[in-house]
Amino acid sequence: MSVRLLPLISALLLGCACSPTPGPEDVPGTEYCQAAEDTLESLQCLNPDGTPMWVNADGELFHVTCERVQDEGGIFLDPQCIAEATACEEAETCPTTP
């Protein structure tokens with residue numbers, strides 16, 4: 001009985017090996033997270049409470065938060081827009097919700 005299953009098991013295993021599992025897709029703009037952080041810091045952008053926008057309340061740098069949030073998909077920070085901003089007011093208008 002197990003000899004009859006061998007061809008079936010072999011065929012299933014070979015079939016599985018032929019179709020690779022796709023990896024996670026990159027969120028557009030994530031490659032700009034570091035540049036966005038650099039822009040926020042160089043412009044010295046501050047949150048309403050006076051804390052720097054390039055570091056969150058937990059001390060995590062913007063680019064780290066940006067990459068995580070982009071992957072989670074809850075808020076699209078639009079890091080390219082932030083990276084290209086020439087004023088803090090401009091950078092503040094970039095983040096959107098999908």
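Keep in mind that the numbers below use all heavy atoms, side chains included, and drop hydrogens, waters and symmetry copies.
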Q: Mark yes or no for whether Ser42, through its side chain, and Asp38, through its backbone, hold a donor-acceptor pair below 3.5 Å.
A: yes
Q) Does the side chain of Gln80 come within less than 4.5 Å of Asp78's, by heavy atoms? A) yes
Q: Identify the two heavy atoms, one from Glu89 and one from Thr93, that lie closest to each other, and give their separation to 0.1 Å.
A: O-CG2, 3.4 Å
(Q) Minimum heavy-atom separation for Glu60 and Thr65, please, with both atom names. (A) OE1-OG1, 2.5 Å
Q. What heavy-atom pair brings Leu40 and Phe62 nearest, and what distance separates the two atoms?
A. CD1-CD1, 3.8 Å
Q: Measure the SG-CD distance between Cys66 and Gln70 for me, rounded to the nearest 0.5 Å.
A: 4.5 Å
Q: Could you tell me whether a side-chain N or O of Glu37 sits under 3.5 Å from a main-chain N or O of His63, the two making a donor and an acceptor?
A: yes
Q: Would you name the heavy atoms of Ala36 and Pro79 that are closest together and state the gap between them?
A: CB-O, 3.5 Å
Q | N/O donor-acceptor pair under 3.5 Å between Glu84 side chain and Cys81 backbone | A | no
Q: Output yes when a side-chain donor or acceptor of Asn47 lies under 3.5 Å from a complementary backbone atom of Asp49, and no otherwise.
A: no
(Q) Please say yes or no: joined through hydrophobic side-chain contacts below 4.5 Å, possibly via intermediate residues, are Leu61 and Met53 part of one cluster? (A) yes
Q | Minimal non-hydrogen separation, Trp54 against Glu41, with atom names | A | CE3-CA, 3.5 Å
Q | Over all atoms of both residues, closest heavy-atom pair of Thr86 and Leu43 | A | O-CD2, 3.7 Å
